Amino acid sequence: MNRLSNNMAGKRRFYNPLAILVPKDDLPDVNKLEKQIPPVLVQALKKHKYHLVGKHSAVKRCKWLYEALVNNRACYKQKFYGIRSHQCIQMTPSLFYCTQQCLFCWRAQNTDLKIAWDEMNLPSWDPPESVIRGSLEAQQRILSGYKDHPKVDWQKLREASTPKHVAISLTGEPTLYEHIGELIHEFHKRKFTTFLVSNGTLPARLSTLSEEPTQLYISLCAPNKQVFQQVCRPQAHGSWENLGETLGLLGSFRCPTVIRMTLVRGLNMDNVDEYSRLVERAQPTYIEAKAYMHIGFSNLRLSFERMPEHKEIHNFAVRLAEQTGYKVLDEAPESRVVLLSRLQKPVRFSS
Ligand code: SF4
Ligand code: SF4
C-alpha cells in the first residue's frame with residue numbers, strides 16, 4: 001500500500017498497550033541470537049543496561065525517564081513537542097546493525113571492544129508484534145525498579161506503566177529492519193506516537209514506508225562528503241549520495257520532518273553555508289542542532305574535549321538560521337540542543 005495513503009496518524013484510539021499480545025510461545029528466545037553475534041558483546045550491552053528483545057531489538061532506559069520519575073524534569077522533546085518523557089519507550093529494532101560507524105555514536109561498534117561482527121550481515125527478522133510485546137515487557141521490567149525508590153512520583157509511575165510514545169532510535173539503523181513500516185503501524189494501533197530516527201542512507205526503504213511515523217528524523221552530521229566519510233564512516237559505497245536522495249524525499253512526507261545535526265567540536269561544526277544548501281534541498285519542518293555527548297561507547301573514539309558547550313551550539317544555530325531563513329524557536333541548554341523552524345511554534349502531540 002502507498003505510504004502516503006496509509007498514514008494512520010489521525011485515527012488512533014487509546015487502550016492498554018499490553019492488552020494486545022501475541023502468544024508467549026510465538027516470542028523468539030532471547031538466547032537464540034544470530035550465531036554471528038559474539039556473546040561477549042551481548043554481555044557488554046547488558047552491562048550497559050540494554051534489555052535485549054528477541055534476536056535484534058532492545059530497550060534501554062533513557063536518563064530522562066529517571067529524571068521525570070524522580071526529579072520532575074522532562075526531556076527536550078517534551079518541552080518542544082509535548083511527548084511525555086515518563087511515558088516514552090526508547091528502543092531499536094536494529095541493535096547490532098547499522099550502515100554507518102559514526103565517531104560520536106554511543107552504540108558499541110564492530111571492533112570497539114576488540115570484538116568483531118559484521119554489522120551489515122542482517123539477521124532473519126522477528127515479526128513486529130513480538131518486537132512490540134518484548135519492548136513493552138522490557139519497559140515494565142525497567143519501571144518495576146522504581147517501586148522502591150524513595151523519591152519516585154507515584155502518579156507519574158502509574159502513568160508510566162501505560163507508555164504512549166516510542167522513540168525508535170536507540171542504536172543502529174532502524175530502516176534496516178525490513179518490517180519498519182509495519183512496526184510503526186502496530187505501535188500506532190496501540191495508540192502510541194512514534195518518532196523514527198534514521199541516518200537516511202536507505203532512501204528506498206523510506207520512500208516505500210508502509211506507514212509514516214508521527215515525526216521523522218534524518219541525521220545530517222556532515223556538510224559535505226569528505227566530512228561525512230571521516231565522521232560518519234559509512235559502511236557502503238554511495239551512502240552520501242543516498243543521504244542526498246533522502247533529503248530530497250522529505251517533502252513527500254505528511255508528518256513533521258526533522259534534520260538532526262549531532263555536532264562535534266573541531267570535526268563537523270564548520271561549513272555552515274554547505275549545511276544550509278542541504279537544508280534548502282530538504283526543507284524540513286525543523287532542524288535540531290545538538291551537541292555530541294561524551295557517553296556510551298563513543299568514549300572509546302572521542303575525547304571529552306570534543307563535546308561542545310551549549311553556547312557553541314547556539315552560535316552554530318544562529319549562523320544556520322541566518323543562512324536558511326529558519327528561526328530559532330526554542331532551546332534546551334541542559335541537553336545542548338537548539339530547535340529551528342519556519343513555523344511560529346512546534347506541533348505538539350500530547351493528549
Ligand atoms: S523522547 Fe528521547 S529523550 Fe525523551 S524520554 Fe524518550 S528517549 Fe528519552
Ligand atoms: S547512524 Fe546512528 S546508530 Fe549508526 S553509527 Fe551513526 S549514530 Fe550510531
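This structure is a prediction, so every number in the text was calculated from the model and none was measured. Counting starts at 1 for both ligands and their atoms, following the listed order.
- Within ligand 1, counting atoms from 1 as listed, the ones closer than 4.0 Å to a heavy atom of Cys88 are 1 (S), 5 (S), 6 (Fe), 7 (S).
- A distance below 6.0 Å separates the ring centres of His165 and Phe195.
- Residue Arg233 places no heavy atom under 4.0 Å from ligand 2.
- A donor-acceptor contact closer than 3.5 angstrom is absent between the side chains of Gln226 and Gln230.
- Ring geometry, Phe96 versus Trp117: the interplanar angle exceeds 60°, so the pair is classed perpendicular (tilted spans 30 to 60°).
- Of the protein's heavy atoms, Cys105 SG, 2.3 Å lies nearest to atom 8 (Fe) of ligand 2.
- Less than 4.0 angstrom separates some heavy atom of Cys62 from each of these atoms of ligand 1: 3 (S), 5 (S), 7 (S), 8 (Fe).
- Hydrophobic clustering keeps Phe228 apart from Met120 (ILVMFWY residues linked when any side-chain heavy atoms are closer than 4.5 Å, directly or through intermediates).
- Interface atoms of ligand 2 facing Gln109, defined by a heavy-atom separation under 4.0 Å, are 5 (S).
- Here the protein heavy atom with the shortest distance to atom 6 (Fe) of ligand 2 is Cys102 SG, 2.3 Å.
- The Arg107 neighbourhood of ligand 2 comprises atoms 3 (S), 4 (Fe), 5 (S), 8 (Fe), with distances under 4.0 Å to a heavy atom of that residue.
- In this structure, His56 and Tyr177 have tilted ring planes: the angle between them lies in the 30° to 60° band.
- Side chain of Arg61 to main chain of Ile142: no donor-acceptor pair is present (N/O by atom type, distance under 3.5 Å, no hydrogens or angles).
- Looking from atom 3 (S) of ligand 2 to the surrounding protein, the closest heavy atom is Gly172 N, 3.2 Å.
- Taking a cut-off of under 4.0 Å to the non-hydrogen atoms of Ile83, the atoms of ligand 1 that pass are 1 (S).
- The closest side-chain donor-acceptor pair between Tyr76 and Glu288 falls under 3.5 angstrom.
- For atom 4 (Fe) of ligand 2, the closest non-hydrogen atom on the protein side is Cys98 SG, 2.3 Å.
- Nearest to atom 1 (S) of ligand 2 among the protein's heavy atoms is Asn199 ND2, 3.4 Å.
- Contact annotation: Glu173 has no heavy atom less than 4.0 Å from any atom of ligand 2.
- Looking at atom 2 (Fe) of ligand 1, its nearest protein heavy atom turns out to be Lys77 NZ, 3.6 Å.
- Taking the six-membered ring for Trp and the full ring otherwise, Tyr292 and Phe104 have centroids separated by 6.0 Å or more.
- For the residue pair Thr99/Thr201, the side-chain donor-acceptor check at 3.5 Å is satisfied.
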